[in-house]
Amino acid sequence: MKETYTFTVNGIERSTDQDKPLLRYLRDDLHLHSVKDGCSEGACGTCTIIVDGRAVKSCVLTTKRAVGKNIITTEGLSDEEKEAFVYAFGSKGSVQCGFCIPGMVMAGKALIDRVPDPTEEEIKVALKGNICRCTGYKKIIEGIQLTAAILRGDAKIETDLEKGDVYGVGQHAFRLDVREKVLGYGEYPDDVEMDGMVYASAVRSKYPRARILDIHTEKAEALPGVLAVLTADDVPNNKVGHLQQDWDVMIAKGSITRCVGDAICLVVAETREILEKAKKLVKIDYEELQPVTSISEAMAEDAPKVHSKGNLCQSRHVTRGDAKKALAESKYVVTQTYRTPFTEHAFLEPESAVAFPYKDGVKVLSSDQGVYDTRKEISIMLGWDPERVVVENKLVGGGFGGKEDVSTQHIAALAALKVNRPVKVTFSRQESINFHPKRHAMEGTFTLGCDENGIFTGLDCEIYFDTGAYASLCGPVLERACTHSVGPYCYQNTDIRGYGYYTNNPPAGAFRGFGVCQSEFALESNINLLAEKVGISPWEIRYRNAIEPGKVLPNGQIADCSTALKETLLAVKDAYESNPGRAGIACAMKNAGVGVGLPDKGRAKLIVHDGKVELYSAASDIGQGCATVFVQMVAETTGLGKEMIVNKGANSEVAPDSGTTSGSRQTLITGEAVRMASADLNEDLKEAGGDLSKLEGKEYFAEFFDPTDKLGADVPYPKSHVAYGFATHVVILDDDGRVKEVYAAHDSGKVVNPISIQGQIEGGVLMGLGYALTEDFPLKDGVPQAKYGTLGLMRSTQIPDIHAIYVEKEELLPFAYGAKGIGEIATIPTAPAAQGAYYAMDHVLRTKLPMEDTYYSKKQKAVK
Ligand code: FES
């Protein structure tokens, strides 16, 4: 006789005879989708629930071990608690992508129940097991503090804030998605349930480089509940890829794999359990081959070719003036080689998609950074007109560049069309780590010169990127690494060569900073060495060279009126100078908008429907908050309140293409399109005497395009990008060499949502500190060695005091209310500033990331 396991969930007695992870029971049997599955390995905390008063990760507890226990999920909070958390998290800006949030809420509740007035330290300890990759934890801690105060009766909920009658640009705007994310009812693709839905998953290569001799699928196919096993033969066009179509959907029999993320076949089954059983029944015969595991191996003359055209994937040569002559004539010159590792995005939501037959094609519910890009890749694979494929974003649980390429969406579509039913594909955490493109590992040699006053004369550098098995966005990422290797300074002689090589490592592509994290780490470190030679401070040398409005950047672009790098330097001057011997400083610039002559268009449509303004624009909100920013822009332009404006989200069927969420572009490029459409609506609204009902059914469409020049354009002052954001970070160490404080001053033009921009800065800084100090992605013969829990992601107990500062100039760009993007730049200067701080402390030049011989490296070693 089967045993029955009985426990209480949210006040209701529940029984099951299945012994399985409690996470799966809560999600699959009780449909409590606030309990998120971030790793199923006990490492991320997204599935945190309360069991007998204690915060517990539900993936490590089983139904059997839960017998007799009292379980609470976010759905089981009292109304009072729900309202307190929603208000506090919205008011404090605690929510970005939201995937970690219900787990944070439950960890917070467990603490507040025990300690009604918790200290900051107590909250940090309570959240230690919960990773947030977006926020830098600070605003979550503040959210929990405010929740506790409300529940104690020491603070009040101001209902007007969420209602948002005043919601214009620059306001303390309560994000649109706070309630659904805090309470956990907002849907990410893995939360979608549909009638008749089945599951698919790929069997992936055991080896990074191996010939597929045979694929035995018969046993899997014979298993009851298996609907199909697809191979490369079932794919109309087996090559996909974001820009270069070099990525096999599945590796065909007789072909050679390129990395361990490669799919060999795709199993479709009625249930998750059958799917896992069936995958184990697939037998693949391999001929294991020697993998190419480094740039130098890939460059060797006799290297095996990862792709038939050879191992050089992309190269760039960016030059202006005469760097050779300028360096030869320089008073001081520094040459140094730097190495940076692959970095895993570690977004909390593993890739997931649900696809189903739709009209004369297929519809995909997705979690990505550009629904039109996903549509394009799927339609290439199917050989269809793009219009037959509809892609709609559900909530996106973080991206940071890692969700630009298709991952689950195309195979879900393929499976759905094969079995003619809705199909869900959700990556396991390890599959996610093995599959999606990382930040490129770099080796670069930088030579920077200056005159006797520290004024830069020229830069020569050679940058090598490991782009792994597939190109992904190697071309543009390498290009940005090259164009930004000069830094935000004013000098005119540059010679920059960049090369991206294929290897059998996991692919590399877009990651917050888009190549610039690597090259600015090298440049900014060289600047400190030059300052030393000149005999001036690292702050001073930067200030003397800093770009200003009207001056010419090393790429020839004239800095526009909004440029405020010097203001960011001044904002951190005291912090830097009052901590001698323990402070490091670094500057950065980052383009907003794709630029370099590409048709980078923002589009938006407003429709007056049912007495409200509906906003249509296929710009993916991946947690950074652009959906809210657009509504603020409509509100600012028209004077309407938040409740009158409905953002209909990113859906390729109804919303105009507004490009990828990449290149810190959405606030500026799509934001301007939204502003333009809103201005037209406002004109009509004025004529209608402010009566929106008179405009019922009217549509307002706008497209924004500000042309730029191609890379290397033969014009005196090429305009490479529509705008640049600028920043200066100062990292301050304590006596033990721990990061105590970070001052992060940013020029991102007009600040649309102050709380939100602070959250972006804090999250970016913490990601930058991880890059500098703790995060690594070790590979053994091309095989990732890291699990989610060993990536070195910073935890709540490790955060320094982060001071997010934004400088707003009077002079602004004439687009999008003068806003420039903040998405990427917040991550860029932190690592070189941290390196500078250690150099100031012990005079050891650390040229490799993550840095060795620091408080953090010693701690990690001790743990191992
Ligand atoms: Fe925490 Fe995105 S808001 S992971």
Side-chain angles (χ1 to χ4, degrees), residues 316-336 338 444-463 479-498 516 519-560 563-569 585-591 709 711-713 715-721 724-728 747 828-829 832 836:
R316 293 291 188 277
H317 188 193
V318 178
T319 183
R320 193 171 164 85
D322 189 340
K324 206 171 177 189
K325 182 164 173 280
L327 288 167
E329 292 170 358
S330 295
K331 172 85 175 168
Y332 302 109
V333 173
V334 164
T335 299
Q336 192 63 52
Y338 297 89
T445 299
F446 280 58
T447 300
L448 181 67
C450 70
D451 67 13
E452 64 279 10
N453 296 314
I455 303 302
F456 301 151
T457 48
L459 172 75
D460 178 282
C461 68
E462 203 149 79
I463 295 169
E479 191 171 292
R480 289 294 77 67
C482 291
T483 57
H484 286 60
S485 63
V486 295
Y489 305 108
C490 181
Y491 59 105
Q492 300 303 314
N493 300 296
T494 57
D495 192 336
I496 302 144
R497 283 97 51 208
V516 186
S519 58
E520 291 220 354
F521 169 66
L523 180 86
E524 291 290 315
S525 303
N526 265 12
I527 290 174
N528 294 341
L529 300 178
L530 272 187
E532 205 169 47
K533 285 184 184 256
V534 177
I536 56 177
S537 83
W539 186 91
E540 183 64 33
I541 195 168
R542 287 171 172 83
Y543 194 75
R544 288 185 191 182
N545 286 283
I547 193 72
E548 292 179 84
K551 288 197 172 175
V552 182
L553 282 159
N555 64 4
Q557 181 160 343
I558 299 170
D560 66 57
T563 303
L565 176 64
K566 282 199 155 176
E567 287 80 348
T568 66
L569 272 157
I585 186 166
C587 297
M589 69 176 185
K590 184 68 184 68
N591 54 293
D709 294 309
L711 189 70
V715 293
Y717 299 107
K719 180 173 155 184
S720 195
H721 292 280
Y724 287 101
F726 297 92
T728 306
D747 155 31
I828 298 169

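These values consider heavy atoms only, across backbone and side chains, with no hydrogens, waters or symmetry-generated copies.
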Between [X] and [Y] (side chain of the first, backbone of the second, donor and acceptor by atom type, cut-off under 3.5 Å), is there such a pair?
| X | Y | result |
| --- | --- | --- |
| D451 | N453 | yes |
| H484 | N591 | yes |
| T563 | P549 | no |
| D747 | A564 | yes |
| Q336 | N526 | no |
| N545 | G454 | yes |

Would you check if [X] and [Y] make a side-chain contact, meaning some heavy-atom pair closer than 4.5 Å?
| X | Y | result |
| --- | --- | --- |
| M589 | V486 | yes |
| V334 | L530 | yes |
| Y543 | K566 | yes |
| E520 | K590 | no |
| I541 | I527 | yes |

Calculate, to the nearest 0.5 Å, the distance between atoms [atom1] and [atom2] belonging to [X] and [Y] respectively.
| X | Y | atom1 | atom2 | value |
| --- | --- | --- | --- | --- |
| Q492 | N555 | CD | CG | 9.0 Å |
| S330 | K533 | OG | NZ | 11.5 Å |
| L327 | T457 | CG | OG1 | 5.5 Å |

Suppose we screen for side-chain hydrogen bond (donor to acceptor under 3.5 Å, both in side chains). Which residues come up paired with [X], at least two apart in sequence or across chains?
| X | answer |
| --- | --- |
| T447 | T335 |
| D560 | S562 |
| K551 | E548 |
| R316 | Q314, E479 |

[X]: which residues meet the ring pair (Phe, Tyr, Trp, His ring centres under 6.0 Å) condition with it, sequence neighbours left out?
| X | answer |
| --- | --- |
| Y489 | F456 |
| Y332 | none |
| F726 | none |

Under the rule for side-chain contact (heavy atoms from CB on, under 4.5 Å), what residues qualify as partners of [X], not counting sequence neighbours?
| X | result |
| --- | --- |
| S525 | Y338, F521, Q835 |
| P538 | N528, R542, Y576, I585 |
| K331 | E452 |

Testing the basics here: between [X] and [Y], what is the closest heavy-atom pair and its distance to 0.1 Å?
| X | Y | value |
| --- | --- | --- |
| T494 | P554 | CG2-CB, 4.0 Å |
| L569 | C587 | CD2-SG, 3.9 Å |
| I547 | C490 | CD1-CB, 4.0 Å |
| I828 | P832 | O-CD, 3.4 Å |
| N493 | G321 | OD1-CA, 3.4 Å |
| A588 | P829 | CB-CG, 3.7 Å |

### Task
Only pairs at least two apart or in different chains count here, so list each salt bridge (charged side-chain N to carboxylate O under 4.0 Å, His left out) that has a residue in residues 319-328.
K325-E329

#### Entry: Among L523, L459, V516, L448, side-chain contact (heavy atoms from CB on, under 4.5 Å) partner for S485
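The side-chain contact (heavy atoms from CB on, under 4.5 Å) with S485 is passed solely by L459 among L523, L459, V516, L448.
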
### Task
Could you tell me which residues satisfy salt bridge (Lys or Arg N to Asp or Glu O under 4.0 Å) with D495, sequence neighbours excluded, listed by chain and number?
R497

